[in-house]
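The structure appears right after this line, and notes come after that.
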Amino acid sequence: MKDIREYKDFCIYCVFGAMATGVNMLGYHLLYGVAGVGNVPSTFLAWLLAVTFAFFTNKFFVFVSFDRSPKTVMRELAGFFSCRISTGVMDVVFMYVTVDLLVMPPVLFKFISNLMVGVINYLVGKLVIFKKKRK
């Protein structure tokens, strides 16, 4: 039977992922629901806020990558944002189709989009961006 410690990264990711989802959802709600900014720009700006928040929490708390050498930070930052751009495009397309074309409830579908994107981001973060070097 597996020990809970084997799932530590995932559990911590879920906590900070929920916080990043909160940043994304709140940003989207304030922009789209309160300020009246369009769906696609609201989705993009909320994504940008959440990704910036997520980079730092993933680096220091989830995958515990304290290497601050310029080469490592640039590699991690480039990899992180490259992945997040891909999933950010998925988020924008999903929101455009569900909210603008199908006229579905925006907050519900923003949450569903965040769940799908979160799983992909975790896997890429763990397996590619912040992977631990074997000794």
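Keep in mind it's a predicted model, so treat the numbers as computed, not measured.
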CD1 on I120 to CG on D91, rounded to 0.5 Å
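Result: 10.5 Å between the selected atoms.
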Between D67 and S69, does any side-chain donor sit less than 3.5 Å from a side-chain acceptor?
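Judged by distance alone, the side chains do pair up.
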With the 4.5 Å side-chain cut-off for hydrophobic clustering, are [X] and [Y] part of the same group?
X: F61; Y: F66; value: yes
X: M74; Y: F81; value: no
X: L77; Y: F60; value: yes
X: V92; Y: L102; value: yes
X: V117; Y: L31; value: no

Can you name the nearest heavy-atom pair linking M95 to P106, along with the distance?
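Between these two residues, the closest heavy atoms are CE-O, 3.6 Å.
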Closest non-hydrogen atom pair, S42 against G38:
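So the two residues come closest at OG-O, 2.8 Å.
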Quick check: do V40 and D100 have side-chain heavy atoms less than 4.5 Å from each other?
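In contact.
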Taking side chain as C-beta onward, heavy atoms only, is R84 less than 4.5 Å from V124?
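Side-chain contact under 4.5 Å: no.
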For residues 20-30, tabulate all N or O donor-acceptor pairs below 3.5 Å that involve a side-chain atom, not counting sequence neighbours.
residue, atom, partner, partner atom, Å
T21, OG1, G17, O, 2.9
N24, OD1, K110, NZ, 3.0
N24, ND2, N114, OD1, 3.4
Y28, OH, N39, OD1, 2.6

Test side chain to side chain contact (heavy atoms under 4.5 Å, CB included) on V99 and Y32 and set out the steps.
CA-CA 11 Å; V99 174; Y32 183 73; 3.9 Å; yes
Which pairs pass salt bridge (charged side-chain N to carboxylate O under 4.0 Å, His left out) with one or both residues in residues 38-60, sequence neighbours excluded?
K59-E76
Provide the full list of salt bridge (charged side-chain N to carboxylate O under 4.0 Å, His left out) pairs with a residue in residues 33-57, sequence neighbours left out, each pair given once.
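Sorted result for residues 33-57: empty, none.
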Could I get the full list of side-chain contact (heavy atoms from CB on, under 4.5 Å) partners for V119, not counting sequence neighbours?
L123
For P105, all residues meeting side-chain contact (heavy atoms from CB on, under 4.5 Å), sequence neighbours excluded
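P105: side-chain contact (heavy atoms from CB on, under 4.5 Å) contacts with L108, F109.
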Full working for side chain to side chain contact (heavy atoms under 4.5 Å, CB included) between I112 and F94
CA-CA 10 Å; I112 292 169; F94 182 81; 3.9 Å; yes
Criterion side chain to side chain contact (heavy atoms under 4.5 Å, CB included) on I12 and V64, from CA distance to verdict:
CA-CA 11 Å; I12 294 171; V64 192; over 6 Å; no
Checking S82 side chain against A78 main chain: does a donor-acceptor pair fall under 3.5 Å?
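Here the side-chain-to-backbone pair exists.
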Pairs in or reaching into residues 36-57: which pass ring-ring contact (aromatic ring centres under 6.0 Å, His included), with residues at least two apart or in two chains?
F44-W47, F55-F80
